[in-house]
Chemist: 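Below you will find the structure I want to go over with you.
Below, chain A is the first sequence line, B the second, and so on; all start at residue 1.
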There are 2 protein chains.
Amino acid sequence: MRVTTRPARAKGDLFDPACPTRQLLDRIGTKWTSMAIKVLAGTAPGEVRFADLRRQMPGVSQKMLSVTLRSLVQDGLVARRVEPTVPPRVHYRLTDLGLSLETPLAALRAWAEEHMAEIDHANAIARAGAVDSEFG
Amino acid sequence: MRVTTRPARAKGDLFDPACPTRQLLDRIGTKWTSMAIKVLAGTAPGEVRFADLRRQMPGVSQKMLSVTLRSLVQDGLVARRVEPTVPPRVHYRLTDLGLSLETPLAALRAWAEEHMAEIDHANAIARAGAVDSEFG
DNA sequence: CGGTATCCGAAATGATACTG
DNA sequence: CAGTATCATTTCGGATACCG
């Protein structure tokens with residue numbers, strides 16, 4: 001997953017340099033990243049402030065939102081703008097690159113909304129089977 | 001990420017029951033899941049044996065492949081067939097559900113292959129900036 | 001307001017050894 | 001061959017406290 005530091009690239013390259021998918025999933029697979037992108041995409045091309053973003057992401061801690069946004073900014077997916085007022089106001093928006101990621105991500109969301117019930121059902125069956133075997 | 005046990009659903013539901021995307025990313029975001037799906041999709045509708053699968057996934061340990069496949073089977077994305085020979089031969093293939101997931105996943109892979117260089121570049125810039133500030 | 005630093009528990013992954 | 005069990009390591013994420 002790796003949200004915080006990003007120096008583990010060298011290790012990954014050792015056994016599979018040609019797998020950008022894994023690198024991408026390391027990013028969007030973190031707990032809050034895809035949700036942040038979704039909210040930012042919903043606001044695009046407008047900007048959102050830190051506190052607003054946090055309000056739209058129930059359960060996220062201040063630290064994790066900060067860490068998530070920092071990594072997105074570092075990856076060039078999100079742009080950060082600071083108003084030098086006191087207190088400062090910080091605005092976030094998706095870059096063009098970030099927006100282009102929204103398309104395949106939205107497709108994945110659509111699949112999830114359409115099929116997660118089937119996955120849940122499969123898990124229920126598997127759970128029931130495990131219980132059955134305990135009765136046997 | 002959660003590949004092994006799957007009882008943490010209750011906790012997630014507490015703050016966001018309507019987010020199947022997170023649940024899906026909890027699954028495909030694990031280190032080996034998406035790679036396994038990719039290999040299985042490349043072989044579909046045929047089957048692949050455990051050892052073959054492992055050979056096509058450089059770096060995966062026997063344990064992690066086993067854990068990954070078990071979770072995919074439990075989720076109904078992969079079907080498992082055992083030949084009762086000695087030694088036994090176990091075959092894996094994507095279910096229809098798993099195959100349907102391949103489509104949005106392939107879109108994500110395409111995006112990754114097309115744009116990861118830009119992400120790397122953004123990271124290089126960010127890295128350089130951090131170095132610059134140390135010179136300042 | 002918008003962070004950062006630190007500590008801690010939980011979870012993922014890997015190495016190794018053993019089994020049917 | 002295809003696992004499972006156990007142990008050790010790494011990383012993630014949350015809580016808390018402090019800063020400009």
Chemist: Closer than 4.0 Å, any side-chain N/O of A:R70 to the OP1 or OP2 of C:dG3?
Modeler: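 No, outside the criterion.
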Chemist: Is there a side-chain contact between B:Y92 and the phosphate of D:dG3, meaning an N or O under 4.0 Å from OP1 or OP2?
Modeler: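 For D:dG3, OP1/OP2 do have a side-chain N/O of B:Y92 under 4.0 Å.
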Chemist: Are OP1 or OP2 of D:dG13 and a side-chain N or O of A:T30 less than 4.0 angstrom apart?
Modeler: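 No, A:T30 has no side-chain N/O under 4.0 Å of OP1/OP2 on D:dG13.
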Chemist: Does OP1 or OP2 of D:dC1 have a side-chain N or O of B:R49 closer than 4.0 Å?
Modeler: no
Chemist: On the side chain of A:K31, is there an atom forming a donor-acceptor pair with the base of D:dG13 - under 3.5 Å, no angle test?
Modeler: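 Checked by distance alone, the answer is no.
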Chemist: Take the protein atom CZ of B:R54 and the nucleotide atom P of D:dC1, then report the distance between them rounded to whole Å.
Modeler: 11 Å
Chemist: Over how many whole Å does the gap from A:Q74 atom CD to C:dG3 atom P extend?
Modeler: 15 Å
Chemist: Could you tell me how far apart B:L72 (CG) and D:dG3 (P) are, to the nearest whole angstrom?
Modeler: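 Going from CG in B:L72 over to P in D:dG3 covers 13 Å.
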Chemist: Using a cut-off of less than 4.0 Å, is there contact between a side-chain N or O of A:S66 and OP1 or OP2 of C:dT4?
Modeler: yes
Chemist: Rounded off to whole Å, could you give me the CE-to-P distance for the A:M64 and C:dT4 pair?
Modeler: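 These atoms are roughly 13 Å apart.
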Chemist: Check whether any side-chain heavy atom of B:R81 lies under 4.5 Å from a side-chain heavy atom of B:V90, and answer yes or no.
Modeler: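 SC-SC contact between B:R81 and B:V90 ruled out.
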Chemist: Run through A:T68, A:L65, A:V67 and flag the one making a side-chain contact (heavy atoms from CB on, under 4.5 Å) with A:W32.
Modeler: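 Exactly one candidate clears the test, A:T68.
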Chemist: Between B:R89 and B:E47 (salt bridge meaning N to carboxylate O under 4.0 Å), is one present in this structure?
Modeler: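 Judged by the 4.0 Å cut-off on N to carboxylate O distance, B:R89 and B:E47 do not form a salt bridge.
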Chemist: Give the rounded distance in Å between these two atoms: NE2 of B:H91 and P of D:dA2.
Modeler: 8 Å
Chemist: Nearest nucleotide by nearest heavy atom, which residue falls closer to the 5' end of DNA chain C, A:K63 or A:R55?
Modeler: A:R55
Chemist: Output the rounded distance in Å from CG (B:L65) to C1' (D:dA2).
Modeler: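 So the CG-C1' distance, B:L65 to D:dA2, works out to 10 Å.
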Chemist: Take the protein atom CD of B:E83 and the nucleotide atom P of D:dG3, then report the distance between them rounded to whole Å.
Modeler: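 From B:E83 CD to D:dG3 P: 13 Å.
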Chemist: Is B:V82 reachable from B:F50 through a run of I, L, V, M, F, W or Y residues, each pair having side-chain heavy atoms under 4.5 Å apart?
Modeler: yes
Chemist: Considering heavy-atom distances to DNA chain D, does A:Q62 or A:P87 have its closest nucleotide positioned more toward the 5' end?
Modeler: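 It is A:Q62, whose closest nucleotide lies nearer the 5' terminus.
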Chemist: Using whole Å, what does the distance between atom C1' of nucleotide C:dG3 and atom CZ of A:R89 come to?
Modeler: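 In whole Å, C:dG3 C1' and A:R89 CZ are 16 Å from each other.
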Chemist: Categorize B:R80 for me: base, sugar-phosphate, or nothing, with a 4.0 angstrom heavy-atom threshold over every strand shown.
Modeler: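 Since only primed, P, OP1 and OP2 atoms lie under 4.0 Å of B:R80, the category is sugar-phosphate.
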Chemist: Find out whether A:R27 and A:S71 are in side-chain contact, i.e. whether some heavy atom of one side chain is under 4.5 Å from a heavy atom of the other.
Modeler: no
